[in-house]
Amino acid sequence: MTPDELPVSVQFLQLITAKWVVKPMYVAAKLKLADHIKSGVTDVASLAEKTGTKADMLYRLLRALSSVGIFHEGEGQNFTLTPLAECLLDEPGSPRDMLLFVNDPVHDRAWDHLHYCLETGNVGFEKAHGAGIFDYCKTDLDFSEVFNRAMSSNGQAVHSATASVLDISSVDTLYDIGGGHGHLIKFLMDKAPSLKGGVFDLPHVVAGAEDAKYPELKIMAGSFFEDIPKGADAHILSFIIHDWDDESAVKILQNCYQALPAGGHLFICDAIINEPNAPNLGKLLDIEMIVMTTGKERTVDEFKTLIEASGFAFEGIVDTPGPHSVICGRK
Ligand SMILES: C[S@@+](CC[C@H](N)C(=O)[O-])C[C@H]1O[C@@H](n2cnc3c(N)ncnc32)[C@H](O)[C@@H]1O
């Protein structure tokens, strides 16, 4: 029976109990259960000792997760990894980091205000924490680390998808604006070894982009609302424009326009809203934008309007194998 063939009441129950799966996954990730199992600690008693948990409780958590294909229970309450459990491993670029971000208590408290967002048009994160997410991150460095690791962990699903389709053969110097720890630009420098790369982000974020493997990477700190450094003939903005309302988005793009030479390339990586009823992760990410930011996911026409309002010519859209497209502009 495929998921669509299940009785509607069962489909509904599966949807509304998603938390019964994702919260145990979150705790499993926090406890590094997958890492312990991979290292050979497979029985519940030893796992409980390693993680400071009660064996009977831990067994129930592992049993539940094994019922949905995360871990496999063998003889004598011993557990092994499944491909999904491998996604819980604490390794660079692991999707575990996104799980930890979207289930962090700081994130949850913002989501508690979704109804308030719909009533007022205000941002849930600000209601919960008294500041926008990027200002909040300046003071809560633990959450900032969780956020930045989550963005970097988009590597396999998102950044490599961008790198696989983006034609940068005519680009000499590319700056990743709001590039976090520089994950995307590092992918692109791997793809095109002659590319000169730079990453620009807020000071407390961009410090994390230092990487002995990329000594040539130019690391620049500042705010894209103030001044973006000159020196590149192309800018890439990956999951930046969706964080902001139209007025702020145009301000960022105008600052890109100021910094680029005539003929300079603009690459915006974001989800694109498609026709009604069509499945699209971007339509769900858009709710995250409602709760966490002043931004939104946009249609092609909405991107075209922003790009042209900032002075650029709209050049078209390149689809990626990921959940997003590249929207191209030219100065
Ligand atoms: C959603 S994350 C995207 C990160 C990265 N581009 C990616 O694709 O994974 C948004 C980024 O914008 C940065 N940012 C927010 N406000 C900024 C500002 N005023 N100036 C520069 N960067 C900013 C954040 O620090 C964060 O790294």
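Heavy-atom basis, side chains included; hydrogens, waters and symmetry copies ignored.
- Of all heavy-atom pairs between Met220 and Val206, the closest is O-CG2, 3.7 Å.
- Taken together through direct or relayed side-chain contacts under 4.5 Å among Ile, Leu, Val, Met, Phe, Trp and Tyr, Leu260 and Leu174 form parts of separate hydrophobic clusters.
- The neighbour count for Lys283 NZ, taken as heavy atoms of other residues, nucleotides or ligands under 6.0 Å away, is above 12.
- Distance alone, capped at 3.5 Å, is enough to place a donor-acceptor pair between the Lys186 side chain and the His181 backbone.
- Ion pairing between Arg298 and Asp246 holds under the 4.0 Å rule for side-chain N and carboxylate O.
- More than 12 heavy atoms of other residues, nucleotides or ligands lie within 6.0 Å of CD in Glu308, so this atom counts as buried by the packing criterion.
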side-chain contact (heavy atoms from CB on, under 4.5 Å) between Val199 and Leu184, worked out = CA-CA 9 Å; Val199 57; Leu184 173 58; over 6 Å; no
Checking salt bridge (Lys or Arg N to Asp or Glu O under 4.0 Å) for the pair Asp35/Lys38: CA distance, chi angles, key distance, verdict?
-> CA-CA 5 Å; Asp35 302 86; Lys38 189 178 178 190; over 6 Å; no
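- Note that CG of Leu6 is 6.0 Å distant from CD of Gln11, once rounded to the nearest 0.5 Å.
- Ser94 places a side-chain N or O within donor-acceptor distance of the main-chain N or O of Arg96, the cut-off being under 3.5 Å.
- The CD1 atom of Ile240 lies 9.5 Å from the SG atom of Cys269; values are rounded to the nearest 0.5 Å.
- Looking only at atom types and distance, the side chain of Thr42 has a donor-acceptor partner in the side chain of Asn78 under 3.5 Å away.
- Between Tyr136 and His129, the ring planes are tilted. Angles from 30° to 60° get that label.
- For the 3.5 Å distance criterion, the side chains of Ser238 and His183 fail to qualify, holding no donor opposite an acceptor.
- Residues Phe147 and His107 place their aromatic rings such that the two centres sit no closer than 6.0 Å.
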Is there a side-chain contact (heavy atoms from CB on, under 4.5 Å) between Tyr26 and Leu100 once you walk through the steps?
-> CA-CA 6 Å; Tyr26 173 73; Leu100 293 181; 3.8 Å; yes
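- Tyr175 and Asp233 form no side-chain donor-acceptor contact under 3.5 Å, judged by distance and modelled atom types alone.
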Report the C-alpha separation of Met98 and Val102 in whole Å, then their side-chain angles, then the decisive distance to 0.1 Å, and conclude whether the side-chain contact (heavy atoms from CB on, under 4.5 Å) test is met.
-> CA-CA 6 Å; Met98 190 54 91; Val102 296; 4.3 Å; yes
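- Note that CG of Asp90 is 12.0 Å distant from CG of Leu33, once rounded to the nearest 0.5 Å.
- The cationic atom of Lys331 (NZ for Lys, CZ for Arg) lies less than 6.0 Å from the six-membered ring centre of Tyr257 and within 45° of the ring axis.
- Between the side chains of Asn103 and Lys23, a donor-acceptor pair is found at a separation under 3.5 Å.
- The two atoms that bring Ile290 and Leu114 nearest to each other are CG2-CD1, 4.2 Å, heavy atoms only.
- Within the 3.5 Å criterion, the main-chain N or O of Leu306 finds a donor-acceptor partner in the side chain of Ser310.
- Looking at Thr299 and Asp301, their side chains never bring a donor and an acceptor atom within 3.5 Å of each other.
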From CA spacing to verdict: salt bridge (Lys or Arg N to Asp or Glu O under 4.0 Å), Asp286, Lys296 | CA-CA 5 Å; Asp286 189 47; Lys296 59 179 179 177; over 6 Å; no
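- Summarising the geometry of Gly180 relative to Asp201, their closest heavy-atom pair is N-OD2, 2.7 Å, with the distance given to 0.1 Å.
- Pro203 and Ala221 make their closest contact through CA-CB, 3.8 Å (heavy atoms, listed as atom of the first residue, atom of the second, distance).
- The shortest side-chain heavy-atom distance between Leu237 and His235 falls under the 4.5 Å cut-off.
- Exactly one of Asp270, Thr320, Thr162, Asp319 qualifies for a side chain to side chain donor-acceptor pair (under 3.5 Å) with Ser325. That residue is Asp319.
- Heavy atoms from other residues, nucleotides or ligands lying under 6.0 Å from CD of Glu216 number 12 at most.
- Across Ala29 and Leu99, no two heavy atoms sit closer than the pair CB-CD2, 3.7 Å.
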What donor-acceptor contacts under 3.5 angstrom involve side-chain atoms of residues 65-72, with partners at least two apart or in another chain?
| unit_1 | atom_1 | unit_2 | atom_2 | d |
| --- | --- | --- | --- | --- |
| Ser66 | OG | Leu62 | O | 2.8 |
| Ser67 | OG | Ala64 | O | 2.5 |

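- Judged by a 6.0 Å distance limit and a 45° cone about the ring axis, Lys251 is not positioned over the six-membered ring of Phe225.
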Go through the steps for Met289 and Leu285 under the test side-chain contact (heavy atoms from CB on, under 4.5 Å), then give the verdict.
-> CA-CA 6 Å; Met289 293 302 111; Leu285 183 57; 4.0 Å; yes
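- To the nearest 0.5 Å, atoms CD (Gln77) and CG (Asp56) are separated by 9.5 Å.
- Considering every non-hydrogen atom in both Cys137 and Ser144, the closest pair reads O-CB, 3.4 Å.
- At a threshold of 4.5 Å between side-chain heavy atoms, the hydrophobic network of Ile, Leu, Val, Met, Phe, Trp and Tyr places Ile219 and Leu202 in two separate groups.
- In this structure, the separation between CG on Asp43 and CZ on Phe79 is 10.0 Å, given to the nearest 0.5 Å.
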Check against ring-ring contact (aromatic ring centres under 6.0 Å, His included), His113 and Phe125 | CA-CA 8 Å; His113 295 293; Phe125 193 96; over 10 Å; no
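- Taken to the nearest 0.5 Å, the NZ atom of Lys196 stands 13.5 Å off from the CG atom of Leu217.
- Placement of Val250 and Val300 within a single hydrophobic cluster is found when ILVMFWY residues are connected by side-chain heavy-atom separations under 4.5 Å, directly or transitively.
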